[in-house]
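Heads up: the structure comes next, in C-alpha cells.
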Amino acid sequence: MLITRKLKDTIATRLMVIITSGAVLFFVAIGLVLLVKGLPVIKSHSLTELLTTSNWKPMKGQFGFLTFIVSTLLVTLLALILSFPLALLSSIYLSEFSSQKIKKFFMPVIDLLSGIPPVIYGVWGTLTLVPFIADTLAPHFVDFSTGYSLLAGGIVLAVMILPLMISIFLEVMESTPQDLREASLSLGATRWETTTKVVLKRSTSGILAGVVLAISRAFGETIAVMMVCGNFTAMPKSLFDACYPLPALIANNYGEMMSMPDYESALMLAGFILFVIIIVFNTVSWFILKRIKRSL
Amino acid sequence: MIKTKYQRLTKRYLTEQIMLMVMRLAALAILSVLAFILYTIAAKGLKSLSWEMVSSLPEGGYYLGGSGGIANAIIGSLLMISGSAIIAILISLPIAFCINFILKKGGWFGNIARFSMDILFGIPSIVYGAFGFLIMVWLGLQASLLGGIIAVAFLILPIMVRAIDEVLIMVPSDLKESLQSLGATRYEMMKVILKSILPGVGSAIMLAIGRGIGDAATVLFTAGYTDSIPTSVNDPAATLPLAIFFQLSSPMEEVQNRAYAAALILTIIVLIISLSTRQLTRRIK
Amino acid sequence: MFTITNTSKIEPTTNNNETQDQASISICNLNVFADKHQILKEVNLVIPPKQVTCIIGPSGCGKTTLLRSLNRLHDNNSLFKVSGCVKIGDDDIYQAGVDVPALRRKMGLLAQRPTVLPMSIFENVAYGLRIGGLSDKTQLKKLVEENLVAVGLWDEVKNRLHHSASQLSIGQQQRLCLARAIAVDPLVLLGDEATSALDPISSRKVEELLISLKSRMSVVLVTHTLRQAKRIADYVAFMYMGELVEFGEATKIFTHPEKELTNDYLAGSFS
C-alpha cells in the first residue's frame, strides 16, 4: 500500500517536472525554429542589407526591412505618446485620489478594455477613426489621405495598451506603504505633493517596467493595427500616410510565400526579429518588477 | 511676510485642484473610449444581426450578399477553444503545481520556469501562429481544426499557468503543512489542494478562453476557413475573428454589415466571459 | 452678526505665536466610526501643553485611532466618519475651511516603524522645510544640521548626508524621522508606539529625545508598554473599548487610579 502510494507520488512528480522542463524548452524552441528558418535569407543577403535598406521586392529577391521596422517603431511611439499620459494620470487618480467606490466601478472597465479582442478594436478603428481621419482631420494638413494611416494605427494601439499600463502602474503605486504617504502628509504636504515627491518617486522603476512591457505588447500587435494602418510598402512621410509594421507584413504574406524559399525565410526572419526584441523588453521589465516585489 | 507664505499655499492647492481635474478627465476619457467602442459595435452590429446570422451556414453566393449566416464560424470557434482549453489545462496544471509545490521555493529552476512563462505570455500571437504553421508543415498537416487548436493552445497556455500560479501562491502554507504532517505524499497533497482551488482554476480557464476565442493572428494560417462545420479535426474550420476579418475586407456593403454583426456576437461572448470571470474571482476573494 | 471664522490661525507661520504655543489640545465628544463599527465613543480629553502624555490601553482600544484623529489622517479614508471636536486653543480643527496640510504640519507624526522617504538623508530632513516654502540653501543646511544634532544623529551621518536614507539602521532611521518631524517645529509631536520596532538601546535613546523635546512642544505617545509610560509620562490617558476611562497625572494614575478597570489593567489582569 505504502509502496504504491510512494510510486504514484514519484511518477506524478517526475512527470510534472518533465512537463515543466518541456515548457521552458518550448520557448527556446520557438526562437531556434524561427532563427533556422530565417538563416537562408541572412546568408544570401547580409544582415545589414536586410535591416538598413528599404527595397522590398520579393519577386526580384530584394528584402529590405527598413520600411517595416520604421513603421513598427513609429506606430509604437505614437501609441505610447498618446496613451502614457492617460494611463499615468488615471492610475494616479485611482491609486491616490479616488474613492473606493469609483475604483470598484473602474476596475471592470479596465478588465473589459483588456478583454476586447484585437479584431474588434480593428473594426472600431475602421468604422470610426479611418473615416474621421480621411474626411475631417487629414484635409487640414495634407492633400489626400485614405484614413488608413499611421495615426489610425497609433490610436488603436494606444487604446489597446492602456489597460496593460494601468494595471501595472496601479500595482506599483499601490505597493507604496501607507506609512510613507502619512509621513509626508504629516509634514504639511498636500496630497498632490505627496504623490509626486513620494509615491511617483518610489514607483519610477516600476512605471518604466510597465512602459517597456507596453512597448513590447505594441510591437507584436497584429490584426488590429493591420486593419487600420493601410499596409503600403513605402516610408510614411506624415501621420496621415499608410504604414506597414512587421507583424502585419507576416500576417499578410504568410500564406502565399511557400513557393519562394527566400521569401519564406525573410518573413521568418521578421518573426525572429520581433521575437528577440520582445524577449529583451520583457526580460528587462521582468527583472525590474521582480526587484520591486522583492523589496516589499 | 505672512501673506506671501499664505499665497504660496493657495498656489499649492490650486495645483492640486487642477491636477485632480486633469486626472478625472483622463479617467473619464478612458471610460468614454470603452463606451464609444461598445456603442459603435452595438449600433452597427444590431442592424444586421438576425436569428439567421447566428443559426445558419453560409449559402451559395453568401460572400456576394446571398443569404445565410455565420453558424460555421461560431461553432468553429467554440470547438477550437474547447480543444485548446482542454490541452492547455492538462499542461498548465502540472506546470503551475510543479512550480509551487515540487520545485524549491526561490530555487533557480522555479525562477526559470516562472520567467519562461512570463516571457511566453508576452510573445505576440502572430509568432505563435507562424510557429504553429511551421510545426504543421513539419508534421505534414493541412490547415485544420487541429492546427488551430494547437496554435491557440500555445497562446493560452502561459495565460493559464500564470493565473493558476497566482491562485496557488495564495494557498496558505498552514494547509500544506498540516496535510504533510498527516503523512500525505506530495501527490496526495496536491490533489487535495487542487480540490480547494477549483474555483480559482475555473476563473483561470475562463480568462484564457476569453483571450483565445477572440484572437485572429494565431488561427490565420493554422485553421483555414470553410463554409461548413468541421466533421473531424483534420477539416479546416472557420472562426469568428476571421469571419469578421474576411467579411470586412469585402467590397460589398451587405457582407461588411455581416462583419459588424459578427463583431457584435464576438464582443458579447467575450464580455460575458470577462464579466463572469470577474464575478468568479470576486467570490474567491 | 457677521463673524469671521478665522481659519488662517491654523497656518504654518503661526508657530512663533506665543499664545498658540502654550495652547492645549481639547478633545470634546469625539466619536469615530469605521464603516458601521464605532471605534471611539464620546472621548473628552484636554492634553496639556509642553508635557509628555501617554495613551495606554489594551490593543484594539482605539489609542491609535484617537492619535490619528488629532491630525486628521482619517480624512483620506472614506470609510471613517469623525464627529465631535478637537481644538487647538480655541480653533476646532474639524470645522469647515481648515487648511488641513498646514494643520498636519503643526501635529508632527512619528510612526510605529521608521518611514524614511525614498530620498537622501539630507533630503528627508529638508522635505518638510521645502514643502513649507524654504528654498534658501544655507538656511536649509543649517536647519538640517541643527535637527540632526538634536536627535544625536549628526555625527553618525554627517559624512554621508547624500546617501539614501534607507541604508541606515532601523534605530537611526527612526531618529531621522524624528529629526524630520521636529524640523518643521510642530506644536505637538504624535508618536504611535514609536519605539516598538526598535532594539532596547535605540528605544531608550528615542525615549530620552522625546523627554528632551518637552521644552519645545507637547508630546503625545501611544504605547502598549506600561513600563515605558512609567518612564516618560507626565500625564496618562487610559482607554478601554473605545472609551476614555481615566486621565490624570502619571504619578497619580500609576499609584492611586480612581477606576477599578484602570487598576486591573495596571495590575496586569488583562492586556
Side-chain angles (χ1 to χ4, degrees), chain A residues 5-6 8-9 12-13 15-17 19-20 23-24 27 30 33-34 37 85-86 89-90 92-94 97 106 108-109 111-113 115-120 123-124 126-128 159 162 190-193 213 216-217 220-223 247 250-251 254-255 268 271 274-275 278-279 282-283 286, chain B residues 12-13 15-16 19-20 22-24 26-27 29-31 33-34 37 40-41 44 91 94-95 97-99 102 112-113 115-120 122-127 130-131 133-134 185-188 210 214-217 220-221 241 244-245 248 259-260 263 266-267 270-271 274-275 278:
Chain A
R5 275 179 59 207
K6 280 253 161 78
K8 246 188 193 169
D9 183 55
T13 48
L15 199 64
M16 287 163 76
V17 173
I19 293 175
T20 309
V24 173
F27 132 69
I30 297 178
V33 167
L34 291 177
K37 282 280 176 182
L86 271 184
L89 284 167
S90 51
I92 296 175
Y93 178 61
L94 293 176
F97 288 88
F106 218 90
V109 169
D111 265 12
L112 285 183
L113 270 179
I116 293 178
V119 69
I120 301 294
V123 171
W124 171 69
T126 30
L127 275 175
T128 59
V159 180
L162 265 177
T190 61
R191 282 217 266 175
W192 177 249
E193 285 164 342
L213 218 52
S216 89
R217 173 69 56 87
E221 183 42 52
T222 313
I223 296 291
I250 304 174
Y254 208 81
M268 283 302 151
L274 215 54
F275 179 80
I278 284 165
I279 285 189
N282 271 285
T283 310
W286 193 83
Chain B
R12 286 165 55 202
Y13 291 158
T15 317
E16 177 162 293
M19 287 319 293
L20 191 56
V22 174
M23 287 187 287
R24 288 210 173 105
I30 292 172
L31 194 64
V33 168
L34 177 68
I37 294 172
T40 310
I41 301 293
K44 272 280 183 177
I91 302 177
I95 295 177
F97 273 86
C98 183
I99 294 175
I102 297 179
I112 286 183
F115 172 73
S116 313
M117 283 302 141
D118 283 351
I119 298 292
L120 283 176
I123 289 176
S125 51
I126 184 79
V127 171
F131 180 73
F133 183 71
L134 284 177
T185 64
R186 281 184 296 185
Y187 176 60
E188 288 159 345
D215 199 83
L220 195 54
F221 331 119
I244 300 166
F245 185 66
L248 197 64
Y260 305 142
L266 180 60
T267 309
V270 170
L271 286 192
S274 170
L275 289 175
R278 204 174 167 80

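Heavy-atom basis, side chains included; hydrogens, waters and symmetry copies ignored. Naming convention: chains lettered A, B, ... in sequence-line order (proteins, then strands); numbering from 1 in each chain.
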Q | Heavy-atom proximity to chain B below 4.5 Å, by part of Leu162(A) | A | side chain

Q) How long is the span from the CZ atom in Arg217(A) to the CG atom in Leu213(A), to the nearest 0.5 Å? A) 7.0 Å

Q: Examine whether an atom of Arg191(A) lies under 4.5 Å from a heavy atom of chain B, and if so say whether it belongs to the side chain, the backbone or both; otherwise answer neither.
A: both

Q. Ignoring hydrogens and geometry, is there a side-chain-to-backbone donor-acceptor pair from Thr222(A) to Gly220(A) under 3.5 Å?
A. yes

Q: Against chain B, label Leu127(A) side chain, backbone, both or neither, depending on which of its atoms sit under 4.5 Å from a heavy atom there.
A: side chain

Q. Angle class for the Trp192(A)/Phe97(A) ring planes (parallel below 30°, perpendicular above 60°, tilted otherwise)?
A. tilted

Q: Under 4.5 Å, counting heavy-atom pairs only, tell me which of Cys98(B), Gly214(B), Pro124(B) racks up the most with chain A.
A: Cys98(B)

Q | Tyr260(B) versus chain A, the contacting section by heavy-atom distance below 4.5 Å | A | side chain

(Q) If I measure from the heavy atoms of chain A, does Ile41(B) come under 4.5 Å with its side chain, its backbone, both, or neither? (A) side chain

Q. Of the backbone (N, CA, C, O) and the side chain (C-beta and beyond), which part of Leu274(A) lies under 4.5 Å from a heavy atom of chain B, both, or neither?
A. side chain

Q. Which atoms of Leu248(B) come close to chain A, meaning under 4.5 Å heavy atom to heavy atom: side chain ones, backbone ones, both, or neither?
A. side chain

Q | Interchain contact, Arg278(B) with chain A, by part (heavy-atom threshold 4.5 Å) | A | side chain

Q) So which of Ser125(B), Gly210(B), Ala130(B), Ala259(B) has the biggest tally of heavy-atom pairs under 4.5 Å with chain A? A) Ala130(B)

Q | Contacting moiety of Leu86(A), where chain B heavy atoms sit under 4.5 Å | A | both

Q | Residue Thr185(B) versus chain A: region with a heavy atom under 4.5 Å | A | both

Q) So what's closer than 4.5 Å to chain B heavy atoms on Val109(A): side chain, backbone, both or neither? A) both

Q: Mark yes or no for whether Ser274(B), through its side chain, and Val270(B), through its backbone, hold a donor-acceptor pair below 3.5 Å.
A: no

Q | Part of Thr283(A) within contact of chain B (heavy atom distance under 4.5 Å) | A | both

Q) Between Phe115(B) and Phe27(A), how do the two ring planes meet: parallel, tilted or perpendicular, split at 30° and 60°? A) perpendicular

Q) Ignoring hydrogens and geometry, is there a side-chain-to-backbone donor-acceptor pair from Asp9(A) to Tyr187(B) under 3.5 Å? A) yes

Q) Counting heavy-atom pairs under 4.5 Å to chain A, which of Leu275(B), Ile123(B), Leu266(B), Leu134(B) comes out on top? A) Leu134(B)

Q: Just give me the residue among Asp215(B), Ile119(B), Thr267(B) that pairs up with chain A most often, heavy atom to heavy atom, under 4.5 Å.
A: Ile119(B)

Q | Interchain contact, Leu220(B) with chain A, by part (heavy-atom threshold 4.5 Å) | A | side chain

(Q) Could you check whether any side-chain heavy atom of Ile95(B) comes within less than 4.5 Å of a side-chain heavy atom of Met117(B), counting everything from C-beta outward? (A) yes

**Q.** Thr128(A) portion near chain B, given a 4.5 angstrom heavy-atom threshold
**A.** side chain

Q) With only heavy atoms counted, which part of Ile91(B) is less than 4.5 Å from chain A, the side chain, the backbone, both or neither? A) both

Q.
Is Ile278(A) in contact with chain B via its backbone, its side chain, both, or neither, using a 4.5 Å heavy-atom distance?
A. side chain

Q | Contact origin within Ala263(B) toward chain A - heavy atom pairs under 4.5 Å | A | both

